[in-house]
Protein chains: 2
Amino acid sequence: MSEKVNVAIIGVGTVGGGACEVLCKNTDIIAIRSTKINIKAICDLDLVKARAVSDKSGLKDVIITKNWQDIVNDPEVDIVVETIGGTGVAKEIIVSAINNKKSVVSANKDLMARDGGELLALAAQNKVDLFFEASVAGGIPIIQAMKESLAGNDVKQIMGIVNGTTNYILTKMTETGADFNEALADAQRLGYAEADPTNDIEGYDAARKMAILASIAFNVRVRNDMVPVEGITKIDSWDIAYAKEFGYVMKMLGVATSDSDGVEVRVNPVMIPAEHPLASVKDSFNAVYVDSYPLGQAMFYGRGAGSLPTASAVVGDVINATRNITNNSRGRWGCTCALTKRMKTLEESISKYYLRVAVHDRSGVFASLTSALAKHNISLESVMQRRSIGDGEAVIVIVTHKVSHASMLLAAETVRALDTVLRIESLIRVED
Amino acid sequence: MSEKVNVAIIGVGTVGGGACEVLCKNTDIIAIRSTKINIKAICDLDLVKARAVSDKSGLKDVIITKNWQDIVNDPEVDIVVETIGGTGVAKEIIVSAINNKKSVVSANKDLMARDGGELLALAAQNKVDLFFEASVAGGIPIIQAMKESLAGNDVKQIMGIVNGTTNYILTKMTETGADFNEALADAQRLGYAEADPTNDIEGYDAARKMAILASIAFNVRVRNDMVPVEGITKIDSWDIAYAKEFGYVMKMLGVATSDSDGVEVRVNPVMIPAEHPLASVKDSFNAVYVDSYPLGQAMFYGRGAGSLPTASAVVGDVINATRNITNNSRGRWGCTCALTKRMKTLEESISKYYLRVAVHDRSGVFASLTSALAKHNISLESVMQRRSIGDGEAVIVIVTHKVSHASMLLAAETVRALDTVLRIESLIRVED
């Protein structure tokens, strides 16, 4: 293989700028492993930034433009890297590039989680590649692993720490006893959380990633709007402390499961056993845990965000696309969402639950609480001592055996209506 | 893609039998993801076993033979799976299959670690694939990850728990306080260790895997006989306990490093910080930790042995080879050991060291010990209290700052010669 492949990068912010830098800095190694990859053009609305990225990367003779049409219409460009994000212009760019027979590498989780099916079909129709490793878990090579190395596996479950912001916040709360707001402020100060952190802390970001992963794992098309989310804003330091006492660690997890009844995908805070491989994933690190036949338990761990780790995924995709160009094997793998499976409702999902209830500090309370749960056929795995919180109030903490979400919600209503009960303070899933 | 690809499996023991079972059980999913894969023939010296595997997998119309020549000479066989192991007949089979223009999937670490360069060159010459994911860390897809997803990365270091037997033994010693022989016996009872455990406990098995990984990571050809090994037989429960007190965990690690001075690959017991991602890899699990630019820290975790996990890797390779056949892109990636780098000697390698010394229980001992180390420019990071062990003996435990192995050995000689010193009980590397 000696051809030169031309790449153009559209959007040289954090991710695109990183990819440019890496393609230049590691150009010799990449040439040994595949082919010489040439950055032919850089496109950004901010030409000053584009020039700065080009200079920093030591590029010469690179075309710098603010018009993406210049890129997608350039017959010499083989691969278009879309790193502007969002679902508007980014989609126009990808569609135009594919229609012009260019392979595309994108880091765009919003777009792939919503329109992945449509775009992958278009790529297949045009016999080009559309790769998007960077859209899930940054530098962790989970998409290609699922598409290739694990392609012989029947995936039963994926659990992912796929949002670094919430993992940082929960780690901070666990390790320092900080409350949610303190940990969030800390994350914002360090640049791990945005000024408006909604997307991260409410689980929307993770939902997009889980939609993409579930689609690949189960061969069904899961869009992000099919993934119910529950944020971490209500988790308090008592929950974290009780989790520890029960031998659990609190994590914000994307959970995707497939069985003969259908597919379930959700994003929510859960308690997992302290010995679970995911429990030791700390700070802003990401990890994807896969349980499949025949592989069994496996986990992929690394940096889920940041310029350089994400650039690793983008450049890996560029190399993959390059190999397919030089081997004339574009479209070697594409969309595999050939199956239709029922999406389970959140109500059907089955978990253990952690239940923290504030009660009147008097006798008979515990009996009324447990018999209310028993009425809904919910049995208890463990119960924490009542803790008096003053003013005649006490707290009871329970971990139930497995129960459907629907039953748990009904039971919670019954519990709430007990005259011995003041309020339900927390209801959090437990996975093991 | 609708062609049918024919596979033949040579050797249906643990790994080959598992691969046969998985290709049959997951045949529909595999067809969705790539192409229908047909097992055309099974070869084993034990025809009864071959028949049993075939029946268990529900195969019909499969050719069963004890002559591998029947397989490699069958023009309808597209992919040969070599799962007999060893470096004798296995090599003949692979060479013949490749010369007959068949792609080959092998789980053979002994052969790939010794003759990988030669066999990959032959595959390239014949424009076929030779894949060997199962040769390293069982089901963990580390080879393809390094060859493809991480191909844009400049790898600085790989640290691998690539031998499940030794990880099981050290985990057992750490968790139960068992001594080495007890833990080994336990591993043998559970089938994690063989009757003759030499290959595992002395590090030879891990050396083969590290040779393969280092070759891929650094683009240089490293053979297993270039990898110095140190076993775990001398590790005792005191070392495990002291490690814990210093905040370390004892692991048997393959360590491969590349910098401007050259490449270093070794296998030995080391202490790593309890917070290191590898520290939480327990029992017979394997994990490969990669530090590279731009990705940074990443880790791949899963089952490193066993019929089904290893079959995952074999089947993944078969699918990969199948895609290359149906896309006419065989040889899409092959050997990339294009560079020549100096192999560093073990003496040059630099680590912190844990040093456990039995001394006379009297004053002035500590001063003589530290000044002996200072003479060799070795400074101390931490020192454990002297522990009296009776009969006028005491123990001093030290962790040094970084020092070359050569200096440490010289210093150890000096220490050993002190009249205050009875013996050096342990000298173990510390990595952080």
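Below, chain A is the first sequence line, B the second, and so on; all start at residue 1.
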Counting heavy-atom pairs under 4.5 angstrom with chain B, the leader among A:Gly302, A:Pro309, A:Gly18 is A:Pro309
Separation between CD1 (B:Ile319) and CH2 (A:Trp333), nearest 0.5 Å, reads 13.5 Å
Looking only at heavy atoms, the pair that brings A:Gln144 and B:Gln144 closest together is NE2-NE2, 4.0 Å
From the list A:Val314, A:Ile32, A:Asp317, A:Ile37, the residue making the most non-hydrogen contacts under 4.5 Å with chain B is A:Ile32
Scored by heavy-atom pairs under 4.5 Å with chain A, the best of B:Ala151, B:Gly139, B:Gly306 is B:Ala151
Interatomic distance, CD1@A:Ile29 vs CG@B:Asp154, rounded to 0.5 Å, equals 3.5 Å
Ranked by heavy-atom pairs below 4.5 Å to chain A, first place among B:Pro277, B:Ala287, B:Ala313 goes to B:Pro277
Scan side-chain atoms only and decide if A:Asn153 and B:Arg33 contain a donor-acceptor pair under the 3.5 Å cut-off. no
Interface check, chain B: of A:Thr336, A:Val315, A:Leu295, most non-hydrogen pairs under 4.5 Å belong to A:Leu295
Rounded to the nearest 0.5 Å, the CG atom of A:Asn324 sits from the CG atom of B:Asn327 at a distance of 7.5 Å
Output for pair (B:Arg332 CZ, A:Ser34 OG), nearest 0.5 Å, gives 10.0 Å
Under 4.5 Å to a heavy atom of chain A? For B:Tyr293 that would be both
Cut-off 4.5 Å, heavy atoms of chain B, and the answer for A:Leu339 is side chain
Task: Side-chain heavy atoms of B:Leu150 within contact of A:Pro141, under 4.5 Å - done: yes
Interatomic distance, CD@A:Glu148 vs CD@B:Glu148, rounded to 0.5 Å, equals 5.5 Å
- Query: Under the salt bridge (Lys or Arg N to Asp or Glu O under 4.0 Å) criterion, do B:Glu275 and A:Lys282 qualify, and how do the steps go?
  - Reply: CA-CA 10 Å; B:Glu275 315 77 45; A:Lys282 293 184 181 169; over 6 Å; no
Of the listed B:Leu23, B:Asn320, B:Ile140, the one with the largest count of heavy-atom pairs under 4.5 Å with chain A is B:Asn320
In terms of heavy-atom pairs under 4.5 Å with chain A, the winner among B:Pro294, B:Gly334, B:Ser329, B:Ala298 is B:Pro294
